[in-house]
Amino acid sequence: MDLNYSPEEQAFREEVRGWLRENLPADLREKVSTHAHLAKDDLQRWHRILAARGWVAPSWPKEWGGTGWDPVQRYIFEEESGYAGAPPLLPFGLSMCGPVLLKFGTDEQKRRFLPRIYGGDDFWCQGYSEPGSGSDLASLKTRATREGGHYVVNGQKTWTTLAHYGDWIFCLVRTDAAAKKQEGISFLLIDMKTPGITVRPLILMDGGHEVNEVFFDDVKVPVENRVADEGMGWTVAKYLLGHERMNTARIGTSRRELENLKEFAATQRKNGRALLEDTRFRDKISRLEVELMALEITNLRFLDQLRGGRPPGAEVSMLKITGTEIQQRLTELMMEAAGPTSDIALAQRYCNYRKTSIYAGSNEIQRNIIAKMSLGL
Amino acid sequence: MDLNYSPEEQAFREEVRGWLRENLPADLREKVSTHAHLAKDDLQRWHRILAARGWVAPSWPKEWGGTGWDPVQRYIFEEESGYAGAPPLLPFGLSMCGPVLLKFGTDEQKRRFLPRIYGGDDFWCQGYSEPGSGSDLASLKTRATREGGHYVVNGQKTWTTLAHYGDWIFCLVRTDAAAKKQEGISFLLIDMKTPGITVRPLILMDGGHEVNEVFFDDVKVPVENRVADEGMGWTVAKYLLGHERMNTARIGTSRRELENLKEFAATQRKNGRALLEDTRFRDKISRLEVELMALEITNLRFLDQLRGGRPPGAEVSMLKITGTEIQQRLTELMMEAAGPTSDIALAQRYCNYRKTSIYAGSNEIQRNIIAKMSLGL
Amino acid sequence: MKFDYNEEQRLLSDSVRRFVAQDYGFEARRAIVASKEGMSATVWSTLAELGLLGLPFSSDDGGFGGGAVDLMGVMEAMGEGLVVEPYLSTLMASRCVAAAGTDEQKQRILPGVIDGSIRMAFAQGEKDARFDLDHVQARATRAKEGFALEGEKLAVVHAPVADFLVVSARSGGKGISLFLVDAKSAGITLRSYRTLDEMPAADISFRNVPCTLVGTEGEALPIIEAVVDFATALVCAEAVGALKYANDATLEYLKTRKQFGVPIGAFQALQHRMVDMVISYEQAKSMASLACAKIDSAKDAAERKRVVSAAKIRIADACRHVSQESVQLHGGMGMSEELKVSHTFRRLTAIAQQFGDADHHLERLARG
Amino acid sequence: MKFDYNEEQRLLSDSVRRFVAQDYGFEARRAIVASKEGMSATVWSTLAELGLLGLPFSSDDGGFGGGAVDLMGVMEAMGEGLVVEPYLSTLMASRCVAAAGTDEQKQRILPGVIDGSIRMAFAQGEKDARFDLDHVQARATRAKEGFALEGEKLAVVHAPVADFLVVSARSGGKGISLFLVDAKSAGITLRSYRTLDEMPAADISFRNVPCTLVGTEGEALPIIEAVVDFATALVCAEAVGALKYANDATLEYLKTRKQFGVPIGAFQALQHRMVDMVISYEQAKSMASLACAKIDSAKDAAERKRVVSAAKIRIADACRHVSQESVQLHGGMGMSEELKVSHTFRRLTAIAQQFGDADHHLERLARG
């Protein structure tokens with residue numbers, strides 16, 4: 001056992017860090033650090049800078065632009081990017097649609113979509129949740145009826161992140177109403193400019209516009225935009241669920257936020273002293289710091305296992321559970337540190353981060369997964 | 001709304017307090033305060049003192065020795081007794097068997113058993129749990145076969161509190177193996193001196209002997225010792241479950257323990273100061289004190305409702321949940337206050353008190369009860 | 001020992017509850033919050049007509065002599081309805097006048113408060129003060145008539161809609177005093193905004209603002225403490241109403257939202273969490289009752305402070321616990337601005353800190 | 001970055017695990033605990049034969065030069081088996097000798113420790129010291145030969161079975177020093193007892209007891225801190241083994257215990273609680289690894305202290321959480337002395353406090 005990074009890993013970290021220092025635009029870093037709104041253009045700009053460097057899709061095969069990094073290198077890259085305040089790389093194209101196409105797509109589909117995903121030409125979003133099906137995804141009702149060379153799609157998706165930026169959306173739709181629940185579902189790629197699509201904002205409680213409802217009214221989708229066979233959509237969805245669960249802990253981002261919290265608490269006064277020196281508040285920070293330290297090691301431990309060819313079990317879901325709990329606690333302590341001043345932005349961020357334990361498979365669903373898959377309960 | 005006790009209630013409290021001051025033997029008070037072992041004789045002695053005063057069975061009808069106190073008076077009596085360090089009045093005879101006989105017993109049974117319960121002549125215990133049926137009580141297997149004027153009982157009870165002191169035990173037994181689960185159960189009163197009964201100690205992790213296994217091997221029980229009709233045992237059990245859930249919070253005892261904790265923490269040193277002055281430890285005590293303060297009011301609020309003829313719903317189960325959590329936390333903080341010294345008794349008490357969230361309907365079962373009965377889930 | 005409200009208390013809280021149900025529904029409230037002023041003059045008149053503004057004043061001052069217990073049910077109903085009007089702010093400021101003001105000040109203020117023509121705000125907080133009431137840097141100096149006020153006050157809730165302010169400041173090396181200020185005076189600059197829980201608020205700058213002394217110079221701290229404790233007890237009662245709404249809405253959601261073919265309330269893990277929310281509510285309710293009772297009957301300030309701090313600790317914990325769980329158990333819907341539960345989340349989050357977070361009151365308990 | 005144990009580490013921990021499985025089962029351990037001495041000389045010889053006692057000493061001292069990481073797997077296996085023999089106590093005391101002793105002291109002690117003929121205890125704690133290592137009242141004065149020791153030491157684990165003690169004491173106004181004491185010396189009085197977690201221990205009184213100085217007079221505090229940090233990291237690793245046992249046993253119970261016709265593990269509320277126990281375990285394991293790694297590689301004492309305290313905070317929380325839940329989910333059975341899980345509960349409870357509870361280490365982190 002050796003918990004120090006190898007010299008090669010250290011060198012890699014230095015390379016990433018140095019490159020970020022040179023290439024992460026100051027305005028983007030500033031926006032991320034202050035939790036300012038990121039416009040579509042901000043997200044795409046950073047995507048393209050990374051694409052130009054060849055680092056935008058580390059997990060893809062080399063022939064499609066992957067980097068060939070091992071899991072620990074990918075972790076280091078993620079951690080440094082998060083710590084540096086780089087904008088997030090949205091997963092919908094790079095980590096969801098891309099891997100699905102690589103696994104299930106035709107050559108034609110790969111050639112058509114992968115380069116544009118890689119280059120950031122298309123902004124993708126995910127059409128999974130529906131009003132009646134959240135955790136119980138397989139109960140979805142949006143239907144696609146085959147009519148000649150097209151599917152005609154009718155129905156509604158909801159909680160669709162950044163659909164108002166979207167050029168394309170991948171959707172789970174029901175192609176066979178008679179089949180059993182998980183069967184009869186197909187996976188379609190839909191151009192958001194197709195007539196019949198309406199995007200309606202869902203405003204969150206912090207006043208922000210991130211998510212949307214997407215309505216499909218007789219939307220015609222060419223059959224060649226279906227990925228995998230008709231009725232195989234659930235297989236695709238399960239593949240996605242098992243994919244890319246190793247980098248959900250957001251260690252780098254939380255480390256940066258923890259430093260911000262400490263700096264901020266050092267400027268706030270309580271009983272004439274810095275809040276950071278207050279035993280009660282300091283202990284809350286310490287416990288959070290310990291939890292983050294532990295999660296970093298846990299994450300690396302799982303990655304090391306993966307690198308050794310032994311994929312860890314469903315307990316990796318704990319990276320999502322604990323990672324989001326840490327992120328939420330960070331926003332909460334930041335709000336608490338501000339106290340009764342008028343820093344509404346910090347309070348809004350606390351509100352906004354309540355979503356993290358709900359989205360991407362709620363923390364309750366993650367616990368179910370561990371209980372069932374890993375513990376055999 | 002008036003949260004002060006009425007002058008009459010105040011006067012009653014003074015009367016109880018004064019009487020306890022005069023009549024609670026110092027050696028018993030000392031044993032209770034130091035959590036020393038209470039022998040059968042200690043328990044019976046206090047029972048008889050109360051019986052002589054006419055205060056041993058407040059909830060019974062006046063004709064059988066009840067006091068006629070309203071719920072708040074009964075609470076005051078319990079609180080003062082607990083706070084004064086009086087030995088507990090064991091519920092098995094007074095609060096379980098007694099009320100069952102009053103509700104379901106024949107005149108003959110009442111005349112035979114109630115006066116001896118009241119007087120403390122017989123030590124009763126409860127034969128409910130079996131190795132295979134704890135929370136799922138109705139799955140019990142101990143069977144009683146009718147043979148002429150007797151039942152012949154075979155089987156095993158477990159976790160039987162103080163069975164080694166017991167003169168009598170009331171048992172749920174299966175009299176009809178063919179009937180559905182809850183049916184076919186009967187309620188028997190069994191003389192512990194009957195041949196065929198074996199009591200085996202179950203030592204708890206603190207080394208203490210409180211509970212036992214009780215084995216029944218062809219034990220002959222006269223038919224006249226059955227309470228209620230054959231097969232009505234589950235009705236009796238449910239009646240008991242609904243009975244006497246208002247005084248489970250043990251407010252008086254916890255108040256006394258909280259004072260002990262504060263006094264003890266004032267004598268312990270940390271960094272050259274009293275532990276009680278340590279912010280971290282002090283806050284733990286404060287939070288516990290607040291929780292106890294809240295529970296006292298909650299308890300009184302439920303009692304006031306009851307007194308007004310509106311029995312509160314299943315949320316009274318929270319008195320058991322929160323009351324036991326407070327008792328456990330008190331023992332934990334006491335152990336923590338002792339720190340690395342050699343006070344093993346405090347650590348043992350912490351261990352022993354883990355039972356409180358398990359016994360008398362585990363806190364999980366209490367949550368189920370609230371969810372189902374009170375919230376309609 | 002009696003927990004039920006008496007006839008008058010019940011009638012009053014019922015009337016507020018009825019008013020909220022009829023005229024302060026979720027959509028009506030949204031419109032009020034979206035309005036320029038961020039409150040409704042019509043609602044304010046109604047509150048006055050219902051007698052709520054006169055309730056806590058003595059009959060000598062034209063009121064009905066009600067105590068904190070008499071206000072409890074009213075505050076619970078306001079908490080359920082998420083009322084944003086400056087009720088508590090006005091009570092705090094006007095109680096300072098009632099407690100220590102001259103007859104002339106009382107005449108100028110109290111009848112208007114009681115009939116709804118005057119709204120007030122209590123300007124107390126400052127930079128670096130956090131929740132300490134005695135951290136006051138604002139200064140008042142004697143002027144030709146009365147005093148002149150200099151300084152900054154932060155996060156003064158309802159300042160943008162107030163006609164008069166009561167302001168804490170130091171004067172003549174004599175400790176802390178209270179001053180009555182006409183909000184339209186020259187020299188007052190407001191930086192207005194909305195709080196997290198959608199109340200109009202402002203940071204205020206005072207530059208040579210004319211004002212009059214309320215009470216004895218330098219001896220205002222006990223009055224401020226009493227008024228803030230009074231408001232803390234009431235906001236605990238308000239929290240009880242908001243907690244009740246959050247629990248009711250969550251329970252309803254658990255019963256109606258179906259996943260995997262059953263209501264999600266069939267899942268035991270969610271059942272037990274809902275039960276814990278109910279326990280938090282019951283414990284918080286008990287402490288709110290106790291705090292209001294002690295506001296009216298405490299034998300001294302020490303007892304009052306001890307119980308109010310104990311109550312605020314328990315209420316802050318309940319606010320955090322219930323608000324977070326109510327959103328979590330609502331899933332994505334709990335995050336949506338379109339559901340009332342997300343607004344209740346914001347109010348509960350604010351109450352947890354209002355008049356001191358749990359840490360502040362733990363410190364006060366430890367010192368007491 | 002490599003988390004697997006290397007070949008030697010794995011072989012060693014496997015051998016301990018095998019030994020525990022074969023010769024230190026629950027019944028065998030019960031017999032040992034019930035014995036007069038409260039430990040087994042046979043087991044002790046086996047530990048020496050397995051090379052465990054030589055492991056952490058340099059080859060110059062006759063050992064194998066192992067670090068904390070090399071001991072991790074061993075400690076985990078001992079934690080699973082609830083080994084009560086004086087392994088850690090002997091290592092702590094003998095490491096003081098190895099770190100600062102004279103050649104003669106090393107000759108007298110280390111070969112015997114390594115071959116299993118000498119057991120030791122580390123007598124450090126005192127009344128009112130709580131977990132502070134520099135709160136020392138015992139005194140040593142120069143005698144004809146060496147020093148003479150006066151004072152009281154509390155809760156010295158394994159003192160009743162030790163051949164030698166290493167004792168902290170003040171001497172000649174020079175701060176804290178360490179002294180080597182033959183446990184059979186005249187003037188030593190033991191009040192012996194068993195700890196909650198079934199270890200032999202004693203409060204010790206020293207009256208004019210001959211002893212020799214270990215290291216430089218008055219400069220022992222950094223050595224004591226290093227040894228206690230070393231032991232803290234190891235006890236964190238031991239906790240990982242005990243936590244693993246508690247979780248494994250609870251999971252097994254959830255799968256086999258049936259109520260209402262199904263295994264109780266079918267109830268979602270219990271499933272989620274079991275998952276949280278697993279998360280506690282994984283987080284604790286990570287911190288134990290980090291602490292052991294930093295014992296071997298920290299660039300200075302400050303870094304070592306910071307990480308060891310962080311680890312102990314997380315392990316203390318995990319010990320409390322997992323031990324309480326394991327008993328609760330076992331229902332009544334978890335309370336029974338007849339089930340190993342109740343003994344694991346006791347060890348986990350003790351570990352949470354051993355070498356400082358969470359509060360102590362939070363203080364150390366805050367000061368750091």
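Residue numbers start from 1 in every chain, and the chains themselves are labelled A, B, ... in the order their sequence lines are given, proteins ahead of strands.
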What are the two closest heavy atoms between [X] and [Y], and how far apart are they?
X	Y	result
A:Met335	C:Thr349	CE-CG2, 3.5 Å
A:Glu364	C:Leu270	CG-CD2, 4.2 Å
C:Leu196	A:Gln348	CD1-N, 4.3 Å
A:Arg269	C:Arg130	O-CD, 3.7 Å
C:Arg257	A:Pro131	NH1-O, 2.6 Å
C:Ala155	A:Pro340	CB-O, 3.2 Å

Heavy-atom cut-off 4.5 Å, strictly under: side chain, backbone, both or neither for [X] against chain A?
X	result
C:Arg194	backbone
C:Gln328	both
C:Asp132	side chain
C:Glu363	both
C:Leu362	both
C:Lys258	backbone
C:Phe260	both
C:Asp128	both

Could you tell me if the side chain of [Y] sits less than 4.5 Å from the side chain of [X], heavy atoms only?
X	Y	answer
C:Met333	A:Trp159	yes
A:Ile203	C:Glu338	no
C:Leu339	A:Met205	no
C:Met335	A:Tyr359	no

Candidate pair C:Arg346 and A:Asp206, rule salt bridge (Lys or Arg N to Asp or Glu O under 4.0 Å), full reasoning: CA-CA 9 Å; C:Arg346 289 154 72 175; A:Asp206 62 329; over 6 Å; no
CD of A:Glu213 to OG of C:Ser336: how many Å apart, nearest 0.5 Å?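 Here the rounded value is 8.5 Å.
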Measure the CZ-OG distance between A:Arg354 and C:Ser342 for me, rounded to the nearest 0.5 Å.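 It is 13.5 Å, given to the nearest 0.5 Å.
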Most chain A-contacting option - heavy-atom pairs closer than 4.5 Å, from C:Arg191, C:Gln324, C:His135, C:Lys127: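 Greatest number of close heavy-atom pairs with chain A: C:Gln324.
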What residue in C:Gly332, C:Gly334, C:Ala350 has the most heavy-atom pairs under 4.5 Å with chain A?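 So the answer, after comparing C:Gly332, C:Gly334, C:Ala350, is C:Gly332.
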In terms of heavy-atom proximity below 4.5 Å to chain C, should [X] be classed as side chain, backbone, both, or neither?
X	result
A:Glu332	side chain
A:Ala371	neither
A:Ile344	side chain

Just so I understand: if I count every heavy-atom pair under 4.5 Å between each of [options] and chain C, which residue has the most?
options	answer
A:Thr341, A:Val211, A:Asn271	A:Asn271
A:Arg329, A:Gln328, A:Lys181, A:Gln268	A:Arg329
A:Cys351, A:Ala338, A:Ser139	A:Cys351
A:Gly207, A:Ser133, A:Ala138, A:Ser129	A:Ser133

Donor-acceptor pair, side chain of C:Gln259 and main chain of A:Gly134, under 3.5 angstrom: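 A pair under 3.5 Å: yes.
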